[in-house]
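To keep things clear, I will list the structure first and then write my remarks on it.
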Amino acid sequence: MAGVGGGGNDVQWCFSQVKGAIDDDVAEADIISTVEFSHSGELLATGDKGGRVVIFQQAPENKSQPQCRSEYNVYSTFQSHEPEFDYLKSLEIEEKINKIRWLPQKNAAQFLLSTNDKTIKLWKISERDKRPEGYNLKEEDGRYRDPSTVTTLRVPVFRPMDLMVEASPRRVFANAHTYHINSISVNSDYETYLSTDDLRINLWHLEITDRSFNIVDIKPANMEELTEVITAAEFHPNQCNTFVYSSSKGTIRLCDMRASALCDKHSKLFEEPEDPSNRSFFSEIISSISDVKFSHSGRYLMTRDYLSVKIWDLNMENRPVETYQVHEYLRSKLCSLYENDCIFDKFECCWNGNDNVVMTGSYNNFFRMFDRAQRRDVTLEASRESSRPRSVLKPRKVCAGGKRKKDEISVDSLDFNKKILHTAWHPQDNIIAVATTNNLYIFQDKPN
Amino acid sequence: MINTMECAVDAQSLISISLRKIHNSRTQRGGIKLHKNLLVSYVLRNARQLYMSEKYAEIYRMQQYEEVMTVCNEIQELNPLDLAEDCMEQSGDCCGNGGGSEPASLCGALLPASHTAAQSAHIQTATACSAPLSLHAEEVCKEPDTSFYRSCCAEPYPVSNCDFSPANGMHCNKTTVLDLDTHVVTTVENGYLHQDCCAPLQQCCQGAQTPAKKRKVDFGYYVTEPEEVPDFTPCKRARFDDFSCLNSDQLDSSNISNLISIFGSGFTGLVSRQADFEQTLNGQFCSTQALASLGAWTRAIVAF
């Protein structure tokens, strides 16, 4: 897999597909809130603010055009969560899907975990392409026959039918979180998973819904002493005893579940000292980590805060090994971004399959890729204008100040309502899914 | 270079924006977001810190300047030549690390109301200690900043013991200001002026039993006793009135008392003690009770 867009051997990204409504009037329920590829990359799931999950499946490879990768088509749509009301606290519980995580496939069916603010559900997505026909006591439409009219008996047989994809909730993991769930992560043992809210992390067994273990609790005895919250957590990709969680103070803690039952004491603390010259009213906000992701190898950690992406080596706690500025030109605009709440946007980040490139979103429907090996970065845009089939995406540039060159966009022209918070990278191939407010863009690398 | 007032206004607007956000979050769908409100409270704290420090600096600067101008005018009536020798002798004591009659005179200007004829005392001491002042008056007039801080350092505290005797090694971890208009004494214990002070002090106010003097909690910055809070009003200095006017004009004061009680009850109030909100909004809950249990970041709201 090659690096980011540019010349030579670099990847050139082409538009492949866009999913979702075309009109600019965005219904709030259609706002995409999470995007996730399955382990094989064959399936792509999205969750939205209305509590729905839409799963796309990659069509089988076209034998006549092997270099042209197949498209993703809608595979299944179902309502995962409904709005609820907590009568005790007089609180409405949003149905918005915060996270989706796939389980590795063990049989014909697919399983995924989806969560809203309070409840996690395990969904089984299975195919049905046969149905039994020839019942004795039932008509074909399902009505029961009068037994007295039955004169002969036959054995029902399976007959092919149109493919039907069914999603059924197999487990509901509820009532374990007082605060809002922000992350779920499946363990590499494929038996347990963790769920994280602002102050606590719980460990579940996939088979057991009536209890979970609390493994991290940072709630202070007196809530007025609260200074930080947990913002994300993830299990190590191959060490089933290790997980990390990030905080609103910009720190990451690595915990080993073998050390003690309650992992309040971290094994490692990853923290970079603050640059005092950059101190502002908003220093605490922009240092809050919005996403943390292990590399596929498990050697590195990636964190996203408001302005940058940082790569940490698990063996070095005192500073990141790499720091990439996503949109440094926003540093002088923090006051306005605070007023319009944009400063609270939680951007996610992702690795490519071989951990050479990382990707994250920005404003104006821009997203950024950083090639770690080649030390190059590129800014691309997900827009309807550049959405002709197989059209190559042109790198974009933001002009921070001074004279604006042709094709550059000035900071003041950026549309802060068009934000890319969720992106996902196919586990093996150069296929990326980029979610704008209510559309899902799929880009692929240009075939040679 | 952002001037003082600009900074204060920016901080002020940030504070009002932050309060509005916290207020709005209570009616947001999905319940109060703990993370977001925590971050907003940090902005609130930062803005408040700047606002308070700028305001105090401004006020003391202006007050000091006015004091000095008054003294300057009085000195002009004296023959400068007679005082030159006195100046030389006492210059070392003044505004330096020693105590001095000059700082004492300035100190006298800032004496608490325990000196009944405060104003007259002020004038007397000014006359008596005018010598060093003549030397420093120009400096003071020219550089109100530095002299302010120096005099701040040089003041022997607690002021109740300030009987114009030089004190050794001064330091102010406590600043007392007398408003000559209203004879209101304000004592502020904080770190801001503290940081600005130059000389470390060993015995600042030890053993100093401050007499029962009238005390107002300045902007509620340091809440000493909850009972005082209901009497709390913004400092009634002439200059402060400008600030308070500015405040009430720009801020939605009708919501402030509600927000004080909401914010004062801390995150427990925001997250779990929902039932208490009905009480807080009635004002019953007590700014007092809430303020008595202020955490560091909740003190900000009291400023308003």
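Scope of the values below: all heavy atoms of this structure, side chains included, with no hydrogens, waters or symmetry mates. Chain naming here is simple, since letters A, B, ... match the order of the sequence lines and numbering starts at 1 in each.
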Considering heavy atoms only, which positions within residues 269-280 of chain A lie below 4.5 Å of chain B? R279(A), S280(A)
Give me the one residue out of T115(A), D117(A), N182(A) that meets side chain to side chain donor-acceptor pair (under 3.5 Å) with N98(A). D117(A)
Pair R29(B) + E95(A): basic N to acidic O under 4.0 Å: yes
So how far is it from C263(A) SG to R253(A) CZ, rounded to the nearest 0.5 Å? 13.0 Å
Less than 4.5 Å apart, side chain to side chain, heavy atoms only: is that true for R26(B) and N24(B)? no
Less than 4.0 Å between a side-chain N and a carboxylate O, is that true for K118(A) and D86(A)? no
Would you mind checking which part of S288(A) comes under 4.5 Å of any heavy atom in chain B, side chain (CB onward), backbone (N, CA, C, O), both or neither? side chain
Using heavy-atom distances under 4.5 Å, tell me whether I343(A) contacts chain B through its side chain, its backbone, both, or neither. neither
Determine yes or no for a side-chain-to-main-chain donor-acceptor pair under 3.5 angstrom, with T251(A) supplying the side chain and S247(A) the backbone. no
For L226(A), is there any backbone N or O sitting under 3.5 Å from a side-chain donor or acceptor partner on E224(A)? no
Salt bridge E58(B)-K55(B), side-chain N to carboxylate O under 4.0 Å: no
Which residue out of K96(A), E94(A), E228(A) racks up the most heavy-atom pairs below 4.5 Å with chain B? E94(A)
Under a 3.5 Å distance rule, please check whether S33(A) uses its side chain to pair with a backbone N or O of I97(A) as donor and acceptor. yes
Between Y179(A) and V229(A) (side chain of the first, backbone of the second, donor and acceptor by atom type, cut-off under 3.5 Å), is there such a pair? no
What about Y65(B) and Y60(B), are their ring centers closer than 6.0 Å? no
With a strict 4.5 Å heavy-atom criterion, list every residue of residues 301-310 of chain A that contacts chain B, or say none. none
Look at the rings of F344(A) and Y338(A) and say which category their plane angle falls in: under 30° parallel, 30 to 60° tilted, over 60° perpendicular. tilted
Against chain B, label D197(A) side chain, backbone, both or neither, depending on which of its atoms sit under 4.5 Å from a heavy atom there. neither
Measuring heavy-atom distances to chain A, does K33(B) have an atom under 4.5 Å in its side chain, in its backbone, in both, or in neither? both
